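Computed from heavy atoms alone, side chains included, the values below leave out hydrogens, waters and symmetry copies. Letters A, B, ... are given to chains in the order of the sequence lines, protein chains preceding strands, and every chain is numbered from 1. Predicted model only: the values in this text are computed from it and were never measured.
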Protein chains: 2
Amino acid sequence: MARTRAARGDGDLLRDELLDAAEQLLNEAGDERAVTIRAIVDRVGVTPPSLYRHFDSKEELIRQAVARRFGALARAIGEGAGPPAAAGDAAGALRGGCLGYLDWAASEPGGYALLFSSRRETLLSPDGPSGTEAFDALAGGIAGCQQAGVARDGDPQRMAMLVWAGLHGLGSLIGARPTIAWPPREQLVDDLLTGLVGLPPRG
Amino acid sequence: MARTRAARGDGDLLRDELLDAAEQLLNEAGDERAVTIRAIVDRVGVTPPSLYRHFDSKEELIRQAVARRFGALARAIGEGAGPPAAAGDAAGALRGGCLGYLDWAASEPGGYALLFSSRRETLLSPDGPSGTEAFDALAGGIAGCQQAGVARDGDPQRMAMLVWAGLHGLGSLIGARPTIAWPPREQLVDDLLTGLVGLPPRG
DNA sequence: ACCTGAACACCGTTCAAGT
DNA sequence: ACCTGAACACCGTTCAAGT
């Protein structure tokens with residue numbers, strides 16, 4: 001009644017609408033608990049049981065919504081790093097990518113937190129959403145800097161772990177402790193990459 | 001019936017028992033959602049309304065249980081750093097404190113995660129639990145290393161932010177991604193402090 | 001094939017009542 | 001003063017029924 005009945009093949013449409021609604025609610029609330037099934041279906045205009053035609057459980061819906069958010073994060077990193085053609089400035093690309101990560105985390109603190117704060121099984125199942133591509137991009141960026149002679153020697157994978165940890169730590173702490181007087185994010189990224197990767201400090 | 005009736009002044013006893021049960025459940029589950037009021041009171045042997053004589057809400061109980069966990073983390077850092085009398089080895093104390101943090105996070109991944117994953121209002125209210133003492137201890141340890149001539153110059157508060165972020169990032173990522181082949185925690189701490197604070201690498 | 005209405009067992013919380 | 005029994009509005013999920 002609140003919704004014109006869907007035609008035969010419209011299942012994927014409702015599926016997308018439900019994911020959209022879940023993503024919106026997750027971002028607005030920054031709290032998975034506020035994202036109830038009834039709030040999701042209300043926003044779309046259907047009743048709770050409709051959801052189970054497209055998702056096995058609330059768990060599964062949330063997992064897919066979180067996977068979408070990981071995709072958005074990866075895009076923010078890519079945009080910060082700039083076009084891959086501009087390989088002339090390996091250090092600038094690495095810095096830009098890291099800043100893109102941090103800016104994204106700071107701009108949607110609720111959305112960032114829920115990437116890691118949802119219940120553990122949601123995130124850790126083998127085929128669950130992960131930050132693998134982002135991590136590989138980070139390690140690749142560090143290796144690029146080494147080849148360009150602007151980073152110190154060392155295993156780029158291990159360096160990437162530390163940088164990733166630093167970014168993740170900063171991202172979640174900035175969101176969780178907004179009252180602290182954090183230095184500008186450019187400076188945090190610069191300190192991190194200078195210390196951990198050996199990039200020359202910005203002029 | 002499941003419990004001998006408490007005497008007059010035993011209110012604080014039940015209060016402590018409830019906090020103990022909440023802490024246990026939080027650690028076991030690593031998921032705040034599994035910690036229901038009914039599970040908590042069942043473990044203690046009372047009925048749900050009893051809880052409201054001691055806590056305004058489930059929220060308030062969880063917040064106090066989380067504050068207890070922050071205290072345990074602070075103790076683990078202190079034990080790792082060793083007795084303050086042993087000021088002869090400032091670098092060793094800083095390294096030990098950081099390793100204590102990381103070991104504690106790794107040994108109770110569920111318990112560590114919930115320090116930051118509980119709903120935001122729980123953690124962020126002005127008088128809520130925080131890691132302030134731990135942060136101050138970290139900045140103090142860095143300043144001590146500078147005075148001992150084993151750390152590079154710079155604002156110890158800013159260095160502490162970066163080290164804290166690195167530790168927090170490593171702590172939560174190690175817990176959240178147990179399948180990754182993480183290097184030994186001693187090495188991670190060493191890399192972090194060498195890069196960000198300028199400590200000489202361990203021999 | 002797709003969606004609804006009604007019901008299930010659960011949750012946090014409240015209120016009157018017992019000792 | 002401290003605790004219980006019963007009830008409230010909510011939640012995720014299921015099942016039969018409608019179109």
Exercise for review: Say whether, by atom type as modelled, one donor and one acceptor occur between the side chain of A/D89 and the main chain of A/G92 under 3.5 angstrom.
Suggested key: yes
Practice item. Could you tell me how the ring of B/W164 sits relative to the ring of A/W182: parallel (under 30°), tilted (30 to 60°) or perpendicular (over 60°)? Key: parallel
Check your understanding: If only atom types and distance count, is the side chain of B/Q64 paired as donor or acceptor with the main-chain N or O of B/L19 below 3.5 Å?
Key -> no
Review point. Can you tell me if the side-chain N/O atoms of A/T47 get under 4.0 Å from OP1 or OP2 in C/dT4?
Key: yes
Practice item. Take A/R43 and A/E28 through the salt bridge (Lys or Arg N to Asp or Glu O under 4.0 Å) test and state the conclusion after the steps. Key: CA-CA 13 Å; A/R43 187 163 288 212; A/E28 290 168 17; 3.1 Å; yes
Check your understanding: For nucleotides 10-17 of chain D, read 5' to 3', which letter fits each nucleotide if B means a protein heavy atom sits under 4.0 Å from the base, S means only the sugar-phosphate is that close, and - means neither?
Key -> -BBBBB--
Check your understanding: Which heavy atom of B/L102 sits nearest a heavy atom of B/G171, and at what distance?
Key -> CD1-N, 3.8 Å
Check your understanding: Does the A/S172 side chain pair with the main chain of A/H168, one donor and one acceptor, at a distance under 3.5 Å?
Key -> yes
Check your understanding: Does OP1 or OP2 of D/dC3 have a side-chain N or O of B/H54 closer than 4.0 Å?
Key -> yes
Review point. What's the CG-C1' distance between B/L13 and D/dA1, to the nearest Å?
Key: 15 Å
Point to revise | Sidechain N-carboxylate O distance under 4.0 Å for B/R68, B/D20 | key: yes
Review point. For DNA chain D, what dot-bracket results from Watson-Crick or G-U pairs at under 3.5 Å, with [ ] for crossers and | for inter-strand partners?
Key: ||.|||||...|||||.||
Check your understanding: If you measure from NE2 on B/H54 to CG on B/D12, what distance do you get to the nearest 0.5 Å?
Key -> 7.5 Å
